[in-house]
Structures are given as C-alpha cells and as structure tokens.
J.: 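Pasting a structure here, questions to come.
Being a predicted model, the structure only gives us computed values, none of them experimental. Just so you know, these numbers use all the heavy atoms, side chains as well, and skip hydrogens, waters and symmetry mates.
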Amino acid sequence: MELSTVPDALAGAFRDAFAEEPSGVWSAPGRVNLIGEHTDYNHGLCLPVAIPRRTYVAARRRDDRLVRILSRQVPGERTIPLDGLLQGSRGGWAAYAVGVLWALEQAGHRVGGLDVAVDGRVPLGSGLSSSAALECAVAVAAVDLFALEGFDGDEGRRALAQVCVRAENDVAGAPTGGMDQSASLLARRDTALLLDFDGDVAPRHVPFDLAAHGLSLLVMNTRAVHSLDDGQYGNRREECAAAVAELGVGSLRDMALADLDGSLRRLSSDLLRRRVRHVLTEIDRVTRTVAALEADDFAALPSLFEASHRSMRDDFEISCAELDTAVETARTAGALAARMTGGGFGGSAIAIVPASGVDDISSAVESAFSAKGFREPELFPVSAGGPAMREPWTGGR
Ligand code: ADP
Ligand code: MG
C-alpha cells in the first residue's frame, strides 16, 4: 500500500471500530542509529536518523477518562482506564500508548480519555524503534487534541521526548535510554541528529544527504528474535552502573579516553573492563563520525563502522550470528560501511552502500541468510526522514 493512503485506511478502521470520525491522524518515524550504541544511558553521544517508516494513529477525544485502543498489528480492542494505570499489568502493547497520557499527567498536563486506532509501518521488535514511534505518534496527537502547551520547537520536543521515555520506562517497563524518542520527535529530513545525553545539551543537526553523494542507507532487518525487555538490555545498564560505582565517577562520560588503560585497571573484572571500553570508544567514534560527515569525508566511515561493530560484538557482546552475517556479507558485496544498529540481541543492521549497489548487496545478504538457514531478512533502502507530525489528512471520504 502507498504510504499516502495509510491515513485514509486508518481513519476507515477507526470509523468501523468506534462509529465516529477521528479528529485527525498523526504519525511518528522509526529510526536507525548511525553510530553510538548503549551510550545514551551512559551520558554519552549517539547519532540517529529517522526513517520513512512511520507509525500512524487516528484519534479523537472522549468525555471520560477511558482509552479505547486498537492496532492493525495486534488483534483485539482494549479499553484502559487512565486512572490506576500503574497498578495494572505492565506488559501489553497498549502500555506504550496509554503510558504517554499517564506520563503527560505526571508532568503536570491535564489530558483525558481517547479513542485511538494505530497502524505501525515500522517493523515491530526489529530494533527500528516501533515502540518510540508509537509513543511519539500518540504524544503529538495528545498535544494537539488537548491543546497542551510547552511542546513547540526543538526545546518543547525535547520535553515531549522525556514524557515518552517515562512512558516506556515506567509503564511499558522497558529500561531504554532516550535516543529513540528524541530521534522520532526531533529528526529532520536529510540530516542525522547528534544527541548528547550529558546534561542539558541541545541536539545538533548533522548533514546526512546520502543521495547527493550517490549513496544509500540500506536497513537489514535480520528478523532474529529481539526484545529489549527480556532482561539483556537492563543487564548491560546494570553492568555500566556497576562500573560507574567502582570507578567512583558520575557517569562513564566523565572518564577520559586518554586515560582508558588506567581506568580499566581500576575495574574488578574483565567483563566490566570490556563494557567500559565499548562505551568510551563508542562515544569517541560518534564524535569522529560527526566530524567526517560535516567535512563530507565519507572515506572515514568504513573504519569507524567496522570498529563499532567489533566493539559491540566482542566487548559489549550484544551482536548475534544474523547481525554478524548481515554486516560481513554487505561489506564483502560492496557496502562502504556496515554495522549492527539499535540495542542488539537481534534486530537490524545498517549499511551505507552505493545507490547502484542496493539490489546486488541485498541479494548477497539474502543468499547468505538462506545458506545459513536463518529466517529471510527484510532489506530496504531509506533516506533520513522527518519527525513526528500531524498528517495532512483532512477527513473522510
Ligand atoms: P522496537 O522498538 O525495536 O520495535 P521494542 O521491543 O522496543 O522493539 O518495541 C516493540 C513493542 O512495541 C511491540 O512488542 C509492541 O508491544 C509495541 N508496539 C510497537 N508498535 C506497535 C503497533 N503498531 N501496534 C501494537 N503494538 C506496537
Ligand atoms: Mg523500542
């Protein structure tokens, strides 16, 4: 289906379910992270781009404090009372949406019930951040529908990202950092977003117009099972926190890369040493990647991406056979640079490829997956897309 027809079809599903017209349709993008993994919760740097795959919500205010919600990706409709939300079960997909309304109220904004229909075109659970896309689409819908103030401009969008992070952490129960929500709310077309999680630093928009350089960004969804709330992601967060405690610093960002060896010697185990080495070198690689992009120096990217992937595979131990295969095959088949992206343990990898090589490189990855007996991967080229917004949909047929 053409993406431009999604709002119409979704409004139709809304009408069928709720017997009324939605007030509007909003959408928010998924993302890939160019570089800087597991750095957000370590007060570090990351560099996501929004992708053109988006999650759409059609919504309308209710007079009570109930949220009725359905998703075209999940059977069944749910009705969830806004009050007492945290006492309910934490699991369940609707927590990502309703949690946003709860977090808005926690931040001092008055909202009410909603009828919501969701159509997520970001693959679910593939490391492309369908969770943040859902949260952010609901968030921008709520801002409009309840006329909430203070969420305009980059500054306001940063506040809204914090609300969505709370929804994901406290209601959905996934202990993720802030990268995904910031990317979904703040990204701009043909740019990457440099996010600095050390204090109140404004994001920087970094040029990333691959098409102008004859290049394309290939997303390789391995479809390997991945779930950020199965404990692995939280595990890495705890290991980083343990290292911070042993080092007696405020965060790993406070450690100087120049003193890396000295810092590592102060840690009690090889495991913590490897975790810290990943975080510190990865933050440095983000800085170098930004410098390369701002200087139009794409030749610097292959070694940065390769070192990043190796660091995640060997030091942070968040890769898997499917991700390694995608990255290695893409590189061998002519990609300029490739690495896994997102939280890891499955999910997606990315490759910067010559625009003319998208098909050949995709075929090579598909063949390699088939030869190894992996699930068929999903491969698609993307350009850096725009942020969460109200769709220009103006009503029914
Ligand atoms: P990712 O964010 O990488 O896609 P997560 O595990 O963080 O993976 O989030 C995926 C979860 O988000 C899904 O299992 C589901 O609970 C929820 N979700 C995201 N998009 C939708 C959708 N369109 N419909 C229903 N649930 C969704
Ligand atoms: Mg997610």
J.: What's in the same ILVMFWY side-chain cluster as V327, cut-off under 4.5 Å, chained through other members?
T.: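 Answer for V327: none, a lone residue.
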
J.: Should V279 and C240 be marked as a side-chain contact (heavy atoms from CB on, under 4.5 Å) after you check the CA-CA gap, both sets of side-chain angles, and the distance that decides it?
T.: CA-CA 9 Å; V279 173; C240 290; 4.1 Å; yes

J.: Run the salt-bridge test on R266 and E246 with the 4.0 Å N-O cut-off and return the result as yes or no.
T.: no

J.: What pairs with R265 under salt bridge (Lys or Arg N to Asp or Glu O under 4.0 Å), at least two apart in sequence or on another chain?
T.: none

J.: Would you list the pairs meeting side-chain hydrogen bond (donor to acceptor under 3.5 Å, both in side chains) in which at least one residue belongs to residues 285-301, sequence neighbours left out?
T.: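 Of all non-adjacent pairs touching residues 285-301, those that pass side-chain hydrogen bond (donor to acceptor under 3.5 Å, both in side chains) are R204-E294, H213-D296, T281-R285, E282-R285, D284-R288, R285-S311.
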
J.: Which heavy atom of P175 sits nearest to which heavy atom of Y233, and what is that distance?
T.: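 Here P175 and Y233 meet closest at O-CE2, 3.0 Å.
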
J.: Quick one: does any side-chain atom of R54 pair with a main-chain N or O of P387 as donor and acceptor, under 3.5 Å?
T.: yes

J.: For R253 and D196: C-alpha separation, side-chain torsions, deciding distance, then whether salt bridge (Lys or Arg N to Asp or Glu O under 4.0 Å) applies.
T.: CA-CA 10 Å; R253 181 72 179 280; D196 185 336; 2.8 Å; yes

J.: Quick one: are F345 and C320 in side-chain contact, heavy atoms under 4.5 Å?
T.: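 No - every pair of side-chain heavy atoms lies 4.5 Å or more apart.
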
J.: Quick one: pull up CG in D198 and CD1 in I283 and give me the separation to the nearest 0.5 Å.
T.: 8.5 Å

J.: Under 4.5 Å side-chain heavy-atom separation, chaining through any Ile, Leu, Val, Met, Phe, Trp or Tyr, what else clusters with I361? Say none if it is isolated.
T.: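 Reading the cluster by chain and number, I361 sits alongside L218, M220, V353, V358, V365, F369, F374, L379.
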
J.: Should we say atom CG of D64 is surrounded by more than 12 heavy atoms from elsewhere, each under 6.0 Å from it?
T.: yes

J.: Answer yes or no: is there an ion pair linking R121 with D119, defined by an N-O contact shorter than 4.0 Å?
T.: yes

J.: State, to 0.1 Å, how close F14 and A59 come at their nearest heavy-atom pair, and which atoms those are.
T.: CE1-CA, 3.9 Å

J.: Within the side chain of R157, is there an N or O that forms a donor-acceptor pair under 3.5 Å with the backbone of A388?
T.: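 Yes; at least one donor-acceptor contact below 3.5 Å.
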
J.: Rounded to the nearest 0.5 Å, what separation is found between the CZ atom of R62 and the CG atom of L145?
T.: 13.5 Å

J.: Identify the two heavy atoms, one from P7 and one from W393, that lie closest to each other, and give their separation to 0.1 Å.
T.: CB-CD1, 3.8 Å

J.: Side chain to side chain donor-acceptor pair (under 3.5 Å) for D324 and S319? Distances and angles first, verdict last.
T.: CA-CA 7 Å; D324 292 342; S319 190; 2.7 Å; yes

J.: Under 3.5 Å, side chain of R237 to main-chain N/O of T176, donor-acceptor pair present?
T.: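 Pair found, side chain donor or acceptor close to backbone of T176.
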
J.: Are H38 and F316 near enough that their ring centres are under 6.0 Å apart?
T.: yes

J.: I need the single residue from D259, L264, L257 that forms a side chain to side chain contact (heavy atoms under 4.5 Å, CB included) with L280. Which is it?
T.: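 By the side chain to side chain contact (heavy atoms under 4.5 Å, CB included) criterion, L280 pairs with just one of D259, L264, L257: L257.
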
J.: Whether E378 and R53 form a salt bridge (side-chain N of Lys/Arg under 4.0 Å from carboxylate O of Asp/Glu) is what I want to check.
T.: yes

J.: What is the distance from atom CG of L194 to atom OG of S182, rounded to the nearest 0.5 Å?
T.: 11.5 Å

J.: Could you check whether D314 pairs with R310 (Lys NZ or Arg NE/NH1/NH2 to Asp/Glu carboxylate O, under 4.0 Å)?
T.: no

J.: With Q162, which residues qualify under side chain to side chain donor-acceptor pair (under 3.5 Å), at least two apart?
T.: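 For Q162, no residue satisfies side chain to side chain donor-acceptor pair (under 3.5 Å) once neighbours in sequence are set aside.
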
J.: Does one hydrophobic cluster hold both L45 and V32, with members joined at side-chain heavy-atom distances below 4.5 Å?
T.: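 The answer is yes; both residues are in one hydrophobic cluster.
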
J.: Can you see which heavy atom on V163 is nearest to which on A107, and at what distance?
T.: CG2-CB, 4.3 Å

J.: Just do the salt bridge (Lys or Arg N to Asp or Glu O under 4.0 Å) check on R60 and E21 with the steps written out, would you?
T.: CA-CA 8 Å; R60 182 186 178 100; E21 195 67 27; over 6 Å; no

J.: Can R339 and E306 be counted as an ion pair, charged N to O under 4.0 angstrom?
T.: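 Answer for the salt bridge query: no.
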
J.: Between S184 (side chain only) and A133 (backbone N and O only), is there a donor and an acceptor less than 3.5 Å apart?
T.: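 Not at all, since once roles are kept as given, no pair shorter than 3.5 Å links the two residues.
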
J.: How long is the span from the CG atom in L293 to the CG atom in D209, to the nearest 0.5 Å?
T.: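 L293 atom CG to D209 atom CG measures 11.5 Å (nearest 0.5 Å).
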
J.: Per the salt bridge (charged side-chain N to carboxylate O under 4.0 Å, His left out) rule, which among R274, R273, R275 passes with E239?
T.: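 Among R274, R273, R275, the one meeting salt bridge (charged side-chain N to carboxylate O under 4.0 Å, His left out) with E239 is R275.
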
J.: Is E391 reaching over with its side chain to a backbone N or O of V25, donor-acceptor style, under 3.5 angstrom?
T.: no

J.: side-chain contact (heavy atoms from CB on, under 4.5 Å) between F208 and L34: does it pass, once the steps are laid out?
T.: CA-CA 10 Å; F208 191 65; L34 290 184; 3.6 Å; yes

J.: Kindly indicate, with the supporting measurements, whether the criterion salt bridge (Lys or Arg N to Asp or Glu O under 4.0 Å) is fulfilled by E20 and R15.
T.: CA-CA 5 Å; E20 59 187 358; R15 244 180 260 122; over 6 Å; no

J.: What pairs of residues pass the side-chain hydrogen bond (donor to acceptor under 3.5 Å, both in side chains) test when at least one of them lies in residues 352-362, not counting sequence neighbours?
T.: none

J.: Mark yes or no for whether D254, through its side chain, and S251, through its backbone, hold a donor-acceptor pair below 3.5 Å.
T.: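 Flag set: sc D254 to bb S251 pair under 3.5 Å.
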
J.: What are the two closest heavy atoms between W26 and A137, and how far apart are they?
T.: CB-O, 3.8 Å

J.: Test H205 against D190 for side chain to side chain donor-acceptor pair (under 3.5 Å), laying out the working first.
T.: CA-CA 9 Å; H205 300 277; D190 295 327; over 6 Å; no

J.: Find the distance between OH (Y41) and CE (M179) and round it off to the nearest 0.5 Å.
T.: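 One finds 10.0 Å between OH of Y41 and CE of M179.
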
J.: Charged N to carboxylate O below 4.0 Å: is that the case for E376 and R223?
T.: no

J.: Does the distance from a Lys or Arg side-chain N to an Asp or Glu carboxylate O, for R68 and D115, drop under 4.0 Å?
T.: yes

J.: Which pair of heavy atoms, one from G113 and one from L82, lies closest together, and at what distance?
T.: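 Between these two residues, the closest heavy atoms are N-CD1, 4.2 Å.
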
J.: Would you call R158-E155 a salt bridge at under 4.0 Å N-O?
T.: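 A salt bridge links R158 with E155.
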
J.: Between N221 and P377, is there a donor-acceptor pair closer than 3.5 Å when you use the side chain of the first and the backbone of the second?
T.: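 Between the backbone of P377 and the side chain of N221 there is no qualifying donor-acceptor contact (under 3.5 Å).
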
J.: State the CG-CZ distance between L193 and R31, to the nearest 0.5 angstrom.
T.: 12.0 Å

J.: Without swapping roles, check the side chain of N33 against the backbone of L47 for a donor-acceptor pair under 3.5 Å.
T.: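 Indeed, once roles are kept as given, a pair shorter than 3.5 Å links the two residues.
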
